[in-house]
Visitor: 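Provided herewith is a single structure, encoded as structure tokens, for subsequent inquiry.
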Amino acid sequence: MDLDAVRTFVAAADAGQFQVAATALSITQQAVSKRVAALERDLAVRLLTRTPRGVRLTVDGQAFLPHARELLRVADRADAAVRPGRRALRVDVHSRRTAPAVLLQDFHRTHPRIELDVVTLDADVHAAIAAVEAGTVDATFHAVTVPARHLPGAIRAARVIDEHHELLVGPRHALADARAVTPAQLAEHRIWMPGMAAGTEWADYYDELAAAFGLTIDRAGPVFGNEALLAEIADSPELATLAGERTRYLWPDSYDLRRIPVRHPAPVYPMSLIWRDDNRHPALTTLRDHLGARRAETPDTEVWSPTWVWPDPAIRAGQPG
């Protein structure tokens, strides 16, 4: 069924005159007449009858009109669901506890009229890029560990987050009362990060961090969730873990956990916003500008980052990697 014809029929029924409907639709009166006639042929019924004062609905027209209105409402909702700028911007943050989710919330506060659909794909960088490429999400946050020439042709990425680390320890740990710790100090302590899968960008990062500073990162043990991890650390004089400074954790006051900045140098976990070059959603550009401005506000400090971090914060496929 031709939706333009349905829309024209509704306009004519509401106006009671073809000329008024034509003006409302910015078409000619002849076009209104042709569209209504085509719809009547399609339905094999007469919908409107001409009168000296205009047009009026037939019995069939009266029966069809509410359904025609519903057809147009459904069509408008379908259009809004996919048209850039009319649907929500869909962004993957992998976890709602970490820096990307915090920055997206900040973006929402700054731009409250932009609709966001925040999802957690629980995917590594390769699967997340595939989701962006397929259009499952508009953008995702991940560490990009390969040269730009190895990214799919339509994919673009810009480094937008350098996440500093904090050491998370219980009250009986040897470093519990430190105001800050250095990576060299951590070499004497066990860093417990159970369940980190080999081959992911996270594992690549922590492998290089451990090698650079002689750290012992223990991935052993089953994963029972963050709550169980925090309980174990709170009760242990030896266990510690690393967390991003913007990672959100909640625990009972009785745990008395300490979050201690890691400095001199400060290791940073680099994350990029990844999107398709042909994505025309206007909110995507606004998000990129917002994240770029926030990163520019971060003061320069003595930092360490892995060797696969490219010097140019904007990574584009096809540029030398």
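All values below come from the heavy atoms of this structure, side chains included, with hydrogens, waters and symmetry mates left out.
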Visitor: Are there over 12 heavy-atom neighbours, none belonging to Arg259, within less than 6.0 Å of that residue's CZ?
Guide: yes
Visitor: Got a sec, which residues hit side chain to side chain contact (heavy atoms under 4.5 Å, CB included) with Glu201, two or more places apart in sequence or on another chain?
Guide: Asp124, Val125, His142, Ala143, Thr145, Tyr269
Visitor: Locate the shortest heavy-atom distance separating Gly61 from Phe9; write the atom from each residue and the value.
Guide: O-CZ, 3.8 Å
Visitor: Over all heavy atoms of both residues, which pair between Leu65 and Leu57 is shortest? Give the atoms and the distance, please.
Guide: CD2-CD1, 3.8 Å
Visitor: Can you name the side-chain hydrogen bond (donor to acceptor under 3.5 Å, both in side chains) partners of Gln29, sequence neighbours left out?
Guide: none
Visitor: Should we count CZ of Arg56 as having more than 12 external heavy atoms under 6.0 Å?
Guide: no
Visitor: Does Asp218, at its CG atom, have more than 12 non-hydrogen atoms belonging to other residues, nucleotides or ligands within less than 6.0 Å?
Guide: yes
Visitor: Keeping the roles fixed (side chain from Asp117, backbone from Ala88), state whether a donor-acceptor pair exists under 3.5 Å.
Guide: no
Visitor: Assess, by modelled atom type and distance only, whether the side chains of Arg96 and Gln105 contain a donor and an acceptor separated by less than 3.5 Å.
Guide: no
Visitor: Just by modelled atom types, is the Glu238 backbone N or O under 3.5 Å from a matching donor or acceptor in the Ser236 side chain?
Guide: yes
Visitor: Under a single-linkage rule joining Ile, Leu, Val, Met, Phe, Trp and Tyr whose side-chain heavy atoms are separated by less than 4.5 Å, which residues share a cluster with Val102?
Guide: none
Visitor: Looking only at heavy atoms, what is the nearest atom pair of Val10 and Arg69, with distance?
Guide: CG1-NH1, 3.5 Å
Visitor: Give every donor-acceptor pair under 3.5 Å between a side-chain atom in residues 16-28 and any protein atom, sequence neighbours left out.
Guide:
from: Gln17; atom 1: NE2; to: Arg53; atom 2: O; distance (Å): 3.2
from: Thr23; atom 1: OG1; to: Gln19; atom 2: O; distance (Å): 3.1
from: Thr28; atom 1: OG1; to: Ala31; atom 2: N; distance (Å): 3.0

Visitor: Heavy-atom count check: over 12 atoms from other residues, nucleotides or ligands less than 6.0 Å from Gln30 CD?
Guide: no
Visitor: Might you work through the salt bridge (Lys or Arg N to Asp or Glu O under 4.0 Å) test for Asp2 and Arg7, ending with a clear yes or no?
Guide: CA-CA 9 Å; Asp2 184 349; Arg7 197 176 302 277; over 6 Å; no
Visitor: Taking only residues two or more places apart in sequence, or in another chain, which ones meet Glu227 in a side chain to side chain contact (heavy atoms under 4.5 Å, CB included)?
Guide: Arg97
Visitor: Relative to the ring of His173, is the ring of His189 parallel (under 30°), tilted (30 to 60°) or perpendicular (over 60°)?
Guide: tilted
Visitor: So does Ala176 get a backbone contact from the side chain of Arg258, meaning a donor-acceptor N/O pair under 3.5 Å?
Guide: yes
Visitor: Holding to side chain to side chain contact (heavy atoms under 4.5 Å, CB included), I want the full list of residues that pass it with Ala187, two or more places apart in sequence or in another chain.
Guide: Leu215
Visitor: Could you tell me whether the side chain of Trp304 and the main chain of Phe213 form a donor-acceptor pair under 3.5 Å?
Guide: no
Visitor: What are the two closest non-hydrogen atoms of Leu103 and Arg246, and how far apart are they?
Guide: CD2-NH1, 3.8 Å
Visitor: Answer yes or no: are there more than 12 heavy-atom neighbours, outside His111 itself, under 6.0 Å from its atom NE2?
Guide: yes
